[in-house]
Amino acid sequence: MRIVDLTKESRAELLELLKGRNPASFTGQQKAVDEIIGAVRTRGDAALFEYEKKFDHCDLTPGTIRVTRQEIDEAFAALDPRFIEVMKRAAANITAYHEKQRVNSWITTKPDGSILGQKVTPIAVSGCYVPGGRAVYPSSVLMNIIPAKVAGVERIIVCTPPDAQGKAPAGTLAAAVIAGADEIYKAGGAQAIAAMAYGTESIPRVDKITGPGNIYVALAKKACFGITGIDSVAGPSEILVIADETANPRYVAADLLSQAEHDPLASAILLTTSRSLAEAVSEEENRFLETLERAQIIRESLDNYGYAFVSDSMDELIDAANEIASEHMEIVTKQPFEIMTKIKNAGAIFLGSYSSEPLGDYYAGPNHILPTNGTARFFSPLGVDQFIKRTSIISYSREALAKVHKDIELFAENEGLTAHANSIAVRFDEEPEGER
């Protein structure tokens, strides 16, 4: 891991480097994604099955694309019962956390007869995409489905790529059932996103697609936005640690590597007031790399996006952290809660030496589907709000409208929208000229 003095120049260079990880930068794959979406849109299942054969090497039919009860039973039987119980406990924590996010409809009234309110309605159908291959994460299944369930979504479907034998990962199936999915389909990649966005003979059209995936999945979600809702266009994973001389370098190193193992494009950044800590963290990372299974991926990640920035000023480090707006942020300092109050942009904040990032990935309860690529400046973690709609309610009596109709007519006339003005004025045509 490179150790660099935090300066205006080094900060700008880092931000420019991180921008290159944005899925929008990968324009070379967009043409292929657009072709897949167009084919699935126009030819439905036929195109979907062709792409499954091409990319997942699996022959699917309308009779085999949906996961059966037998397949689910086989998945549960194949898993360690202890792991199943852990998933259930994690699901309970995730449910309890997200239940606190619920919002209710409301109505307010005034003596003049005016009524204003907000009606909260869950979306009807949500679609959860779950990656396959080497990226099989049952934890993400829980994180995507449970907020939808808590929100009251009527129908929750899951799409996940099968293997060549037409089997979906056992962990994915078990997690989907534990979380409350209604239907599970064996389909992956951009073709699955297109199928959920437009609907096919086998897969229903959904109102929102959530869940991570590779660059083709990310670009397909981006392309289908507007036809359906999406959570975000997710980029590679990232972690940023703010630490001072009190931090344990072994803990910090382990936490940085926990995200670097995801992907060569993952970023792992340390912001510290202690150069000796940065040097110790780098040494600890090298020790861990001698034994970790995904050491090659981690090395590529650190070579590409692994940095330790050193500054004498904690305020400068905080400013840099807010500008980077990391997906995961750990604060390991003497007074982490004080620093937390100054953080404006982060997907999730972990406070103290015993709040390691994987605690949030798997178990604590808050959602681990988080904004990446600096989008924590304006996006939030996945939550119940993503699966509801707010509808405004307006009801005025004649008495209430009479008090304000001239204001509204004047507003409309100043915008040149005379039909708008007339729509209000016509209700008072019968009044004497002086009272209008």
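For reference, positions follow the sequence shown, starting with 1. These figures come from a predicted structure and were not determined experimentally.
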- Query: Glu238 and Gln259: side-chain donor and acceptor closer than 3.5 Å?
  - Reply: no
- Query: Under 6.0 Å from the CZ atom of Phe76, do we count more than 12 heavy atoms belonging to anything else shown?
  - Reply: yes
- Side chains of Asp361 and Ser139: is there a donor and an acceptor less than 3.5 Å apart? no
- Query: Going through the distances and angles, do Asp73 and Arg69 end up as a salt bridge (charged side-chain N to carboxylate O under 4.0 Å, His left out)?
  - Reply: CA-CA 6 Å; Asp73 291 341; Arg69 183 70 246 182; 3.1 Å; yes
- Query: Is a donor on one side and an acceptor on the other found under 3.5 Å between the side chain of Asn322 and the backbone of Asn345?
  - Reply: yes
- Do Val332 and Val241 have side chains that get closer than 4.5 Å, going by heavy atoms? yes
- Task: For the residue pair Asn304 and Glu300, confirm or rule out a side-chain donor-acceptor distance under 3.5 Å.
- Result: no
- Query: Do His262 and Tyr137 make the cut of ring centroids closer than 6.0 angstrom?
  - Reply: yes
- Query: Any side-chain heavy atom of Ile193 sitting closer than 4.5 Å to one from Ile37?
  - Reply: no
- Item | Trace of the salt bridge (charged side-chain N to carboxylate O under 4.0 Å, His left out) decision for Lys110 with Asp112 | CA-CA 5 Å; Lys110 293 182 180 180; Asp112 64 8; over 6 Å; no
- Is it true that the side chains of Lys119 and Thr121 contain a donor and an acceptor less than 3.5 Å apart? yes
- So, Glu183 versus Tyr185: side-chain donor-acceptor pair below 3.5 Å or not? yes
- Query: Should we count OH of Tyr362 as having more than 12 external heavy atoms under 6.0 Å?
  - Reply: no
- Is the shortest heavy-atom distance from the side chain of Ile242 to the side chain of Glu330 under 4.5 Å? no
- For Asp59 and Lys53, indicate whether the former's side chain and the latter's backbone hold a donor-acceptor pair under 3.5 Å. no
- Task: Check the pair Arg11 / Asp319 against salt bridge (charged side-chain N to carboxylate O under 4.0 Å, His left out), numbers first and verdict last.
- Result: CA-CA 10 Å; Arg11 187 160 132 183; Asp319 286 345; 5.1 Å; no
- Message: Is it true that Ser353 and Asn248 share a donor-acceptor pair across their side chains at a distance under 3.5 Å?
- Response: no
- Just checking, Arg205 and Tyr198: is the charged tip under 6.0 Å from the six-membered ring centre and within 45° of the axis? no
